[in-house]
Amino acid sequence: MAVDQSLIRNFSIIAHIDHGKSTLADRILEYTGSVSQREMKKQFLDQMDLERERGITIKAQTVRIRYRAKDGKEYMFNLIDTPGHVDFSYEVSRSLAACEGAILVVDSTQGVEAQTLANVYLAIENDLEIIPVLNKIDLPSADPDRVAGEIEDVIGLDASDAIQVSAKEGIGTEGLMEAIVERIPPPEGDAGAPLKALIFDSWYDSYQGAVVLIRVVEGTIRKGTQIMFMSNGKRHEVLRLGAFTPAPVDLDELKAGEVGFLVAGIKNVRDTQIGDTITEVKRPASKPLPGFKPVKPMVFCGLYPIDSGKYDQLKEAVEKLWLNDPAFSYELESSTALGFGFRCGFLGLLHMEIVQERLEREFELELITTAPAVAYEVHLKSGEVLFIHNPADLPDPAEIEYVAEPYVTMEIYVPKDFVGPVMKLCDEKRGHQVDMRYISPERVLLKYEMPFNEIVLDFYDKLKSISRGFASIDYDFLEYRPEKLVKLDILINKQPVDALSVIVHKEKAYYRGRELVSRLRKIIPRQMFEVVIQAAVGSKVIARERIPPLRKDVTAKCYGGDITRKRKLLEKQKEGKKRMKQVGTVEIPQEAFLSILKV
Amino acid sequence: MDLLSNSMPTLSTPVDTIYIGGGTPSLLSGKDLSSTISKGKELAARLSELVSPDTHFAPVKEITVEANPESLSLEFIDAFMESGGNRLSLGVQDMSERGLKTLGRIHSVDQVGAACEMARRAGVWNLGMDIIYGIVGQDREWLNNTLDAVLGLHPDHLSCYELTVEEGTSLHRQIRSGKFSQLSQDQAVELMDLVETKLVSSGFDHYEISNFSRPGKQSRHNINYWLAGEYVGVGIGAHSHIAGIRRANTMEMSLYFRSLQQERLPVAEIERLDEEARFREAFVMGMRLVNGLSLEWFQERFSVDPVEYYGDMLKQFAEFGHLHIEDGRIALTKRGRRLFNSVMCHFI
């Protein structure tokens, strides 16, 4: 099915969560008859249960759609559905790079949100033609004029020809289809040039190996072509080519401008990095497509099985997931308190939650997750630079010249009434304000530079609660900045508990130490001996609490009729001890650990 | 009786104590009490005979009946003495009106005095009393007064229990609703210390966690429980321990009588432990005794040396000061007794 390049339209849909992206995609599929009524289910493109439940998109999907326009010609649309969360902004940028246009969906009852804006900027950076769409116009609270104004003021896009739709009711779909034809430019690129194809997503299929989503930018790729990944030089033969319609359809070739998938017997999905360029071994391109960045985990945490006997199962699950998710990293970690587990790296908090949920759900594991942390840059006096994402790995302070932590630039959109409390929160979180402006009489944009660690800790939950859910944020990695950072240790009867160590800013160490120690005092039950809990930075103790010893634990009466019951009680007490985590002679209930780790 | 002696395994030792308790036996008429005791004796004789034919003349050494002060009558006590009873366990609980009221008792302090008087006159050989301490609001002075008053009645035996608030009782509800506050651990320990010091200095022998006696007046019947001995329980909800098997009779009256009519034992629960579990249970139960148990006893009973069996754990708790092994005996220290459950759950 050779297609004239001028009849191809490649586009994505950009929207804030709940603004109607997936519903609009459903309508387009329905309108063009790509999916029959019978096959249609809500959020068709979100294939994972998790995506449907949470109303989010995690993996990119593509659909090739045939559309006969009013001009009588049959067009080929490639809709590229992208993830919409800050954790995946690099993935989004690569998906957008595969398009010539984007549909910007804004909820006409709400307005422009931070995430929308971030993705629109990505689209503008990639020179995409943007079609503003005002959704949910069927709702009584819709205010399309105000929202159009916001699009003009905030984004600087001409919204005079914005298309008004109701994706739910199917209003305005045809107008949108025609606009795609008229306003989004067809792809360019020479089908005869050396091959350059952009990878914008991939996943692991147990029968075929890696399935790679590509956009051919230059040249032509065929079944049997010997291809090479330009970032790592790995070579493979194309075994299968095709496109999703949404059912996979095999094709013999994909030419410049087309979007599709390829299978090449690639065993490791990590070889197919998002943003990498595929070229032909025989006639390689001179240089790769711009914008490639290797993925780098930003957030780390320890994952442990609640039942330490399930370690092998966790190991297997983590390895399987690693195969399928190049953004996820792991290494073995052991903790005196929690046993054997893994230190895992993620793109962000949502990614972390998703992985944790998939492990629990798909592999039926119960997990303990330690507090999320960022990676620190440790500059040693020897000149060596280490990346540390586990407080336990921090070298002796005497060897350290300085420690730098990652900073992000953060944009917060918030109704003006909440500006005060939000600014106060940002101050508490060591943020430096760089900008503040009114984007409309009602809404304010705040710009901060802030340590990423503070965001990872609990910033988002706090922000949501003080702004009653009205604030939206977006952030982007800025740089590593030297800060006065120290390792805060928690000692129980003088023994450090590795799982509870954290890296904190020196000025916050005292506060954090006090808080941790007093919470531990409340949740560790009295023991047969005195328990002393201390928080310490290096050898300096900054907080201390004492749990007096248990003085009495005895059943007064025990005669003939009580013996069985009392024995069972003691057996239960003994069982309970098995589930305790032992630190020296101190027994700490697992629940206590969990509640501390979930700061 | 036929049912018991025919369908239960044979006891390993003759029966030498009878205990009538649970509920309020002092509500029985003299006649009913006499017939209960004589039936008890008859059962004891028949069961003992099965152990070995020449033991049926061995007399039952201790016959106890429980009584509440408000219902103890002269008729009852006379019937008891005439039937060969020699030990009376009186539910005194406290010697203040306030305490009795809090505990939901219907007798008065004066009735306690009168009941003791009656028992003494009738010539009861071993007069025991149950005391409860740790009553909501109780302080040292209150408990001290109660103990003084109790000692003034010259008991031979005292069981002193710390109040345990059982779920579902009205006291439990009141504590939960905040009307009463429960004693703190430190307060409770203080009271426990007071009981022990006071009774021991008044010449009582502290022989079990909650039990004290004048020399030679320990409860023979109860010691049997802590020595993992055998016993046969008769009545609704009664427990038996015979040939390593623990049985509990049904708690339902209709079911109980229906079983008996159909000549079946009214047993609702049966528990059979293996030899090792029995040894561990015996070890834990024996540690309730203040003097503990001798290594010889374990050797004889189970052919196990606990020092060898428990190994390092036993040594560790000895080092901690929770128990000691001296002169061939293992016993808990005072500290160990206070933490009985926390220590013994390692040994069960």
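The figures that follow rest on heavy atoms only: side chains count, while hydrogens, waters and symmetry mates do not. Quick note on labels: first sequence line is chain A, next is B, and so on, each numbered from 1.
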Problem set entry | Side chains of A/Q573 and B/N341 in contact at under 4.5 Å (non-hydrogen atoms) |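 Sidechains of B/N341 and A/Q573: in contact.
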For this session: Answer whether the closest heavy-atom distance between the side chains of A/K577 and B/H346 falls below 4.5 Å.
Result: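 Side chain of A/K577 against side chain of B/H346, heavy atoms only: contact under 4.5 Å found.
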Problem set entry | Gap separating the CZ atom of B/R247 from the OG1 atom of A/T564, nearest 0.5 angstrom |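 Between B/R247 CZ and A/T564 OG1, I get 12.0 Å after rounding to 0.5 Å.
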Problem set entry | Interatomic distance, A/C558 atom SG to B/N222 atom CG [nearest 0.5 angstrom] |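 Reported value, rounded in 0.5 Å steps: 10.5 Å.
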For this session: Can you label the angle between the A/Y559 ring and the B/W226 ring as parallel, tilted or perpendicular, going by 30° and 60°?
Result: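 Tilted: the ring planes of A/Y559 and B/W226 meet at 30° to 60°.
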Contact class of [X] relative to chain A, heavy atoms under 4.5 angstrom:
X	value
B/F317	side chain
B/N224	neither
B/R337	backbone
B/H322	side chain
B/E271	side chain
B/S159	side chain

Given 3.5 Å as the limit, does a donor-acceptor pair link the side chain of [X] with the main chain of [Y], or not?
X	Y	answer
B/Y161	A/K557	no
B/Q185	A/R551	yes
A/K574	B/I348	yes
A/D553	B/L339	no

Problem set entry | Toward chain B, the part of A/K566 with a non-hydrogen atom under 4.5 Å |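 Contact with chain B: none, neither part.
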Are more than 12 heavy atoms, taken from residues, nucleotides or ligands other than [X], located less than 6.0 Å from that residue's [atom1] atom?
X	atom1	result
B/M313	CE	yes
A/E316	CD	no
A/E366	CD	no
B/R272	CZ	no
A/E507	CD	no
B/Y256	OH	yes

Problem set entry | Worked check of side-chain contact (heavy atoms from CB on, under 4.5 Å) between A/V554 and B/M192 | CA-CA 11 Å; A/V554 52; B/M192 204 179 271; 4.2 Å; yes
Atom of [X], atom of [Y] and distance for their closest heavy-atom approach:
X	Y	result
A/L570	B/C345	O-CB, 3.5 Å
A/A556	B/S210	O-OG, 2.7 Å
B/V189	A/K552	CG2-CB, 3.6 Å

Problem set entry | Proximity of residues 275-285 of chain B to chain A, residues having a non-hydrogen atom under 4.5 angstrom |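 Heavy-atom contacts from residues 275-285 of chain B to chain A are B/R280, B/E281, B/V284, B/M285.
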For this session: Under 4.5 Å, counting heavy-atom pairs only, tell me which of B/Y225, B/F340, B/Y19, B/F347 racks up the most with chain A.
Result: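 Of the candidates given, the most pairs with chain A belong to B/Y225.
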Problem set entry | Max heavy-atom pair count under 4.5 Å with chain A, selected residue of B/V343, B/T164, B/D186, B/L163 |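 Of the candidates given, the most pairs with chain A belong to B/D186.
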Exercise. Does A/Y460 have any ring pair (Phe, Tyr, Trp, His ring centres under 6.0 Å) partners at least two apart in sequence or in another chain, and if so, which?
Worked result: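 Per chain and number, A/Y460 pairs via ring pair (Phe, Tyr, Trp, His ring centres under 6.0 Å) with no residue.
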Problem set entry | By salt bridge (charged side-chain N to carboxylate O under 4.0 Å, His left out) - contacts of B/E208 (at least two apart) |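 Listed in chain order: B/R288.
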For this session: Could you list the residues that satisfy salt bridge (charged side-chain N to carboxylate O under 4.0 Å, His left out) with B/K315, not counting sequence neighbours?
Result: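 Only B/D312 meet the salt bridge (charged side-chain N to carboxylate O under 4.0 Å, His left out) criterion with B/K315.
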Problem set entry | For chain B, the option from A/Q527, A/E571, A/M528 that forms the most heavy-atom pairs under 4.5 Å |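 Of A/Q527, A/E571, A/M528, A/M528 has the most heavy-atom pairs under 4.5 Å with chain B.
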Exercise. Could you go step by step and tell me if B/H239 and A/D562 meet the side-chain contact (heavy atoms from CB on, under 4.5 Å) rule?
Worked result: CA-CA 9 Å; B/H239 289 67; A/D562 309 315; over 6 Å; no
